[in-house]
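Please read the structure below before turning to the comments.
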Amino acid sequence: MKRSPGPGRPARASCKRTASDPLVVQKDGIFRDVHMVLIPGGGILEKQLQIWCRKVTALGGSCRTLSSGPTTADVIDVATHIAAATTARLEQRMEKVELVGRAARAVAVSFKWLEECLASAAQVPVDNFLLREVGWYEHDKEGPTGSEQPGTAGGACPAPLMEHVTAKAASPGYEPLPLPTSGLSLPLNNSLSLDDSTNCPALSHPSPSNDRVQREGTACGVRAGSDGSDDEAGPCVRDALQARGARGGSREERLQEWMRTEVALRRQGRPREEGAETQDGCEASQYPEVDDESTLEGAEGDIPLDLNEHITRHLRELKDIYEALGDEWRALTYRRAVGVLERLSFRIASAEQLAGVMGVGQQVRDKVKEILGTGRLAKLDSLQSDAKLRVLRLFSSVFGVGAKTALELYSRGHRSLADLRGDPSLSRQAQLGLRYYEEIGAKMSRDDVARIHALVQAQAESICPGVSCEVTGSYRRGRIMCGDVDFLVTHPDGKSHRGLLARLHQRLTAIGFLMADLRSFDDDDQGGGALCQTYLGMCRLPGTDDHRRIDIKVYSAAVYACALVHFTGNEVFNRKVRFFALQTGFKLSEYGLFPVTKIGKRKFVDKTSLPCATERDVFAHLGLEYLEPHERNW
DNA sequence: CGGCTGTACTG
DNA sequence: CAGTACA
DNA sequence: GCCG
């Protein structure tokens, strides 16, 4: 294996991932010279505090929790950062301990700050995470407030900014914290001018609701016939607990922690758009309003700027190439890595900064390093200049043609799209894909989508009064340009949706709106359950002769919330959530959220979904913080 | 070293 | 069933 | 390619 990382430093340190492992301490990790005190409470579990403590320590800082007991004024004296869930918790605690006035050199931050730092592998600016003024530093206040926090200067790049004070015995244990010798000015809340309130988004901690427990009861009850009451409960409960690792105690929390980090990573820096708040039709009414509004103007604001576009564009290319080659796992890895890197709150200055960032491993870091150094990526250059590969990419960009077919077509001697047009072996879908090649590749504006929405909704309404007809997909996630329009249709009465797709399809075709069917749908078995029907096709862009991709799905109201989550996506988000669900004992699909009990090697999936009337229910059952659609652009 | 999301149409 | 597609 |  290659040992690339910088000279002089043990290669291990940088590849060792954030280190829940206190044994590996990155001496100049991102928390170098940070002396942190964590205030318990506010719903944060002691266990979580300890995890954070280990991480901070592993990343070069020192940290301790201010857990029960009177405690340790000395600790406070030398602290550089005091973190708590909320201002209230902080005040409460500090008063109790009579430390008012002592924490002169510390800045008070929300745990969110810590999470962000861990997620981005850098000390992010504390500005947006300051806890509101407490008064305990009142005495020192005159300290004029440089505007920089220790070690965060503007936050662009982390650690190196700090004066190298003491060679710092960042005691891995929990001895009294060494004093960060001077130098640091202690800015305390310089920026109180900030309008508070928004500064400290209350941490929400996914409380692992008792679903799990109940579920276990029921799931097991079914098999064992016992009521599964508590401790004694038969082997069934124990097995189930073991299966999900509750035994070791930490698996569950590691998973929660992992997911929280993933979420934090996607939320950072993203100011929340006002007004985008309630447009998702989940809150007030279970179903989206029938009159437009709900989606005509929705969550605005596409993704924030990608500060690392110079890097991600290369990695994106690699992703596309591996997709075309059918190397789905590499492609997946690159897609995830890009998703993470493009949201970093800082511009990458050194590949080292990526140590411990989830989803970015040694090999990607190496590539980042190369790009930073040379502005190019040799591997990519060679792949891009490969003529065959170019053809494969071209072919697989046709709807209906994937990696395998592309290869097949190539081996038949085809080299251009023109070559393909004559080939009768192409599937019907691929032929259509070819016919509409340009238009399928084209994007449309939100206005275009809105016009299509209005049209489809009007037709649906006239066929089936009271119908709900929402645009999902990238449009709902707030993207500025959309590659297709994605309808999720249902009827609140829970039954009128049956057979609706056929009628709608017929109508939309009759009026010359639907122009081609890329995939048809089960022509309903009316009577029974028909939870869903899906149609993929081409439609005419109103007012033009252009065509665009359109998908229409009609789902039963019973599964609407889960279907909405599914079709809102994005794909990476869906995969992550579903993976998390699996790991915590559920199976999530567009049809519901199903408890899973693992016994030995076998998995038993409940046949009935947990009740999910709204998207929020889905998140809540999983113990996840709710994410607005625009926060699901993972 | 093995898993990485879950589902549905097409041919 | 393999391949492709949808999020 | 990344992760446990």
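Reckoned from all heavy atoms, side chains included, excluding hydrogens, waters and symmetry mates. Naming convention: chains lettered A, B, ... in sequence-line order (proteins, then strands); numbering from 1 in each chain.
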Nucleotide nearest A:Lys379 when distance is taken to its side chain, options C:dC6, D:dG1, B:dG6: D:dG1
Integer-rounded Å distance: D:dG4 C1' and A:Met358 CE: 13 Å
Output field: ring centroids A:Tyr555/A:Phe567 closer than 6.0 Å: yes
Sugar-phosphate, base or nothing in reach of A:Ser474, heavy atoms under 4.0 Å: nothing
All salt bridge (charged side-chain N to carboxylate O under 4.0 Å, His left out) counterparts of A:Arg421, not counting sequence neighbours: none
Whole-Å distance separating the CG atom of A:Asp320 from the C1' atom of D:dG1: 16 Å
For A:Phe395, ring-ring contact (aromatic ring centres under 6.0 Å, His included) partners two or more places apart: none
Options D:dG1, C:dG3, C:dC6, nucleotide nearest the side-chain atoms of A:Thr405: C:dG3
Separation of C:dA7 C1' from A:Glu615 CD (nearest whole Å): 12 Å
For A:Lys404, all residues meeting side chain to side chain contact (heavy atoms under 4.5 Å, CB included), sequence neighbours excluded: none
Distance, rounded to the nearest Å, where A:Leu407 contributes CG and C:dG3 contributes C1': 13 Å
For DNA chain D, the residues among residues 321-338 of chain A that have a non-hydrogen atom under 4.0 Å from it: A:Tyr322, A:Trp329, A:Arg330, A:Thr333, A:Tyr334
Contacts of A:Asp327 that satisfy salt bridge (charged side-chain N to carboxylate O under 4.0 Å, His left out) - sequence neighbours left out: A:Arg330
Touch class at under 4.0 angstrom, heavy-atom based, for A:Val360 against every strand present: sugar-phosphate
Interatomic distance where CZ belongs to A:Arg575 and P belongs to B:dG6 [whole Å]: 10 Å
Test ring-ring contact (aromatic ring centres under 6.0 Å, His included) applied to A:Phe580 - qualifying residues, sequence neighbours left out: none
A:Phe594 ring center within less than 6.0 Å of A:Phe586 ring center: no
Value in whole Å for how far the C1' atom of D:dG4 lies from CD of A:Glu252: 16 Å
Whole-Å gap separating P (B:dG6) and CZ (A:Phe580): 14 Å
Shortest side-chain distance from A:Leu536, nucleotide among C:dC6, C:dG3, B:dT5: C:dC6
Face-on cation placement of A:Arg540 at A:Phe513 ring, 6.0 Å and 45° thresholds: no
Qualifying residues under ring-ring contact (aromatic ring centres under 6.0 Å, His included), relative to A:Trp258, sequence neighbours excluded: A:Phe579
Sugar-phosphate only, base, or nothing, as touched by A:Val577 at under 4.0 Å among non-hydrogen atoms: nothing
Inter-nucleotide C1' distance (D:dG1, B:dA8), Å rounded: 29 Å
Touch class at under 4.0 angstrom, heavy-atom based, for A:Ala430 against every strand present: nothing
ring-ring contact (aromatic ring centres under 6.0 Å, His included) partners of A:Tyr535, counting only residues at least two apart: A:His505
Side chain of A:Leu582 - closest among D:dG1, C:dC6, B:dT5: B:dT5
Touch class at under 4.0 angstrom, heavy-atom based, for A:Asn574 against every strand present: base
Using the 3.5 Å cut-off, write out each protein N or O paired with an N or O of nucleotides 7-11 of chain B and the distance between them.
from: B:dT7; atom 1: OP1; to: A:Lys587; atom 2: NZ; distance (Å): 2.8
from: B:dT7; atom 1: OP2; to: A:Lys587; atom 2: NZ; distance (Å): 3.4
from: B:dA8; atom 1: OP1; to: A:Tyr591; atom 2: OH; distance (Å): 2.8
from: B:dT10; atom 1: OP1; to: A:Ser520; atom 2: N; distance (Å): 3.1

Sugar-phosphate only, base, or nothing, as touched by A:Val398 at under 4.0 Å among non-hydrogen atoms: sugar-phosphate
